[in-house]
Amino acid sequence: MTKNKIKLLPQVMDFRLNDSGKPEKMIQSKIMTYLKTVPNSNFFKVAQGPWSKGGISDICGCYCGRSIAMEAKTKTGKPTPLQIKFLNNNVLAGGYSAIVRSVEDVKKILEKVKNG
């Protein structure tokens, strides 16, 4: 029996830029440091633990009135089926979703949101 594989919606941006092989935590930290400098935005890192809901993106927030969900991954990292579902649901609800691997990726998303 074949399992149904959840696929990313085409609207979910998946960047494959160089991340120099940095661990996800380091990538998340650099992204959060950058996001703190973005005016009129509200982003937060989602704390994962035994009582958190599985699949929620690493970084969530709002910019220009739009919801943004970002899953930080290494250069070769892939999202889990639950993460894909969360990213897709955010797009279906009218928000933006992306798999990010660097601050440059985040800048591209914010530019896309800003320009509509």
Side-chain angles (χ1 to χ4, degrees):
M1 187 159 97
T2 309
K3 278 188 173 182
N4 287 341
K5 222 175 182 188
I6 300 173
K7 294 183 180 179
L8 281 170
L9 292 173
Q11 298 94 327
V12 177
M13 296 166 262
D14 183 2
F15 295 96
R16 297 229 179 242
L17 299 177
N18 290 333
D19 66 12
S20 325
K22 297 177 186 124
E24 280 184 20
K25 296 281 183 201
M26 187 179 272
I27 295 167
Q28 291 172 12
S29 177
K30 287 184 181 237
I31 289 170
M32 286 307 299
T33 298
Y34 167 71
L35 287 172
K36 289 176 186 175
T37 70
V38 177
N40 304 314
S41 69
N42 184 27
F43 287 95
F44 57 94
K45 175 155 176 2
V46 177
Q48 300 295 328
W51 294 283
S52 63
K53 182 179 176 184
I56 296 177
S57 292
D58 298 316
I59 299 167
C60 295
C62 186
Y63 178 66
C64 293
R66 299 305 289 264
S67 164
I68 302 174
M70 295 181 271
E71 184 62 40
K73 293 291 179 190
T74 61
K75 185 176 178 181
T76 57
K78 295 180 178 153
T80 67
L82 278 176
Q83 291 168 337
I84 291 171
K85 185 176 179 183
F86 184 84
L87 293 167
N88 288 346
N89 284 344
N90 195 57
V91 168
L92 293 171
Y96 287 79
S97 294
I99 298 165
V100 294
R101 301 170 199 286
S102 68
V103 170
E104 289 74 27
D105 295 348
V106 174
K107 289 178 181 178
K108 288 180 182 180
I109 296 161
L110 297 182
E111 189 64 30
K112 184 169 181 152
V113 171
K114 186 177 181 179
N115 294 328

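- Across all non-hydrogen atoms, the minimal contact from C60 to I56 is SG-CG2, 4.4 Å.
- Hydrophobic cluster membership differs between V113 and F44, with clusters built from Ile, Leu, Val, Met, Phe, Trp and Tyr side chains linked at under 4.5 angstrom.
- Minimum interatomic distance between D105 and R101 (heavy atoms only, all atoms of both residues): OD2-N, 2.6 Å.
- Heavy-atom neighbours of N40 CG from other residues, nucleotides or ligands within 6.0 Å: at or below the threshold of 12.
- Annotation: the span from K108 atom NZ to E104 atom CD amounts to 8.5 Å, rounded to 0.5 Å.
- The two atoms that bring K114 and Y63 nearest to each other are CD-OH, 3.8 Å, heavy atoms only.
- Across all their heavy atoms, I27 and S102 have their closest contact at CG2-N, 4.2 Å.
- A donor-acceptor pair under 3.5 Å is absent between the side-chain atoms of S29 and the main chain of K25, judged by distance alone.
- L82 and L87 are members of different hydrophobic clusters when ILVMFWY side chains are connected at heavy-atom separations under 4.5 Å.
- Applying the 6.0 Å contact sphere to NZ of K85 captures no more than 12 heavy atoms from other residues, nucleotides or ligands.
- The shortest non-hydrogen separation linking I84 to P79 is CG1-CG, 3.7 Å.
- Counting heavy atoms from C-beta on, the side chains of E71 and S57 come closer than 4.5 Å.
- In the hydrophobic clustering of this structure, Y96 groups with V103; members are Ile, Leu, Val, Met, Phe, Trp, Tyr whose side-chain heavy atoms approach within less than 4.5 Å, directly or through other members.
- The shortest heavy-atom contact between Q83 and K78 is OE1-O, 4.4 Å.
- How far CG of N90 is from CE of M70: 10.5 Å, rounded to the nearest 0.5 Å.
- Between L35 and S41, the closest side-chain pair of non-hydrogen atoms is not below 4.5 Å.
- In the hydrophobic clustering of ILVMFWY residues, with side-chain heavy atoms under 4.5 Å counting as a link, I68 and V46 come out apart.
- Side-chain atoms of F43 and V106, non-hydrogen and from C-beta on, never get closer than 4.5 Å to each other.
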